[in-house]
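Heads up, the thing below is written out as structure tokens.
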Amino acid sequence: MTNKPRVFVTRAIHSEALAKLAAEAEVEVWPEAYPPSKEVLLAKMGSVNGLLTMLTDPIDEQVIARGTPALKVIAQLAVGYDNIDVAAATRHGIPVGHTPGVLTETTADFAWALLMAAARRVGEAEREVRSGLWQPWGPDVLTGLDVYGKTLGIVGLGRIGKAVARRARGFSMKVLYNSPTRDLDAEQELDVEYVTLERLLAQSDFVSLHLYYSAEAHHLLNRTAFEQMKPNAVLVNTARGAIVDPEALTWALQTRRIAAAGIDVFDPEPIPANHPLLQLENVVITPHIASAGKETRQKMAMMSVENILAGLKGAPIPYCANPQVYEPRGT
Ligand code: DGY
């Protein structure tokens, strides 16, 4: 027995980050590729002092309550943390860490990769070539949508939304945005125009989602929203799957209500292998990898470990999603 604090890590993380953690804590790493079930999480709770989580782990009030009072910190290896009941963690006095900033550029790069791939039919063209169907060059072969000079609509102008807007300048695009609040500095700096969501959907050739998931954002893109979009529009989603109604998206692509989509996230994940979306040529779909740059993932792991180590010592964690946990409580 050691008297080091105990930490449960719900998936293998970068070896350097793990070594840093293991120098100060007794670490158990969940060895599977699939997340631990809620039952497994509940069974671990009560004996662990730190919990390093992924966005696929259901960290609800029951898990948090079972963890206290031993549990001192939860650190999520992601910027988003909608899988964690942060309000419950705050009530139980537990800081929740995440990894903001470090994945901004990597995720923006990938949003652009999906945008370009969907517009220019890269997936479809690749599938043709691999199946031996390289058509001879022809004026109409695999023609797609031009990107340069078009209008990009960004929903959610946070760090990643701004990084996507910055890249759009290189394509001489007009950039519209919609966000819960206007950002006058960004309007100046990035030459972006604030519009209502309805106007953004009606006027954009490309719509890219960059908002946090919340109850208000649930199925924000539903059938009504798709009906407002241009028939030549492309939707890009690198945020969270449940912001888009999956049935409405499938309908919009099947009926060509919109031209195409580039989707890195889906509801549910993984997408069922027999989902009709997977039969469609006009969707490029990847398995939630927008932040998956090697260096970025290493940095995310390091930040998560820094959060855990600070939390175990009772020090303020450096990247905190619920800073109110440190405010004095009323009597
Ligand atoms: C996040 O960080 O929230 C992304 O979805 C995964 O990196």
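Every number for a ligand or one of its atoms is a count from 1 in the order of the listing.
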Considering only residues two or more places apart or on different chains, which pairs with a residue in residues 246-276 satisfy ring-ring contact (aromatic ring centres under 6.0 Å, His included)? F266-H275

Residues that A261 engages under side-chain contact (heavy atoms from CB on, under 4.5 Å), provided they are two or more places apart: L235, L249, L253, I263, V283

Close residues, ligand 1: non-hydrogen atom nearer than 4.0 Å: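 Lining ligand 1: L55, A78, V79, G80, L103, R240, H288, S291, M300.
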
Scan residues 136-153 for pairs that pass side-chain hydrogen bond (donor to acceptor under 3.5 Å, both in side chains), counting only residues two or more places apart or in two chains. Y148-S172

Note: E24-K313 ion pair, threshold 4.0 Å (strictly below):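 So E24 pairs with K313 through a salt bridge.
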
Apply salt bridge (Lys or Arg N to Asp or Glu O under 4.0 Å) to R167 and E105, showing your working. CA-CA 10 Å; R167 285 158 176 72; E105 304 301 337; 2.8 Å; yes

Quick one: do L55 and H288 satisfy side-chain contact (heavy atoms from CB on, under 4.5 Å)? Show the steps, please. CA-CA 10 Å; L55 53 85; H288 206 146; 3.8 Å; yes

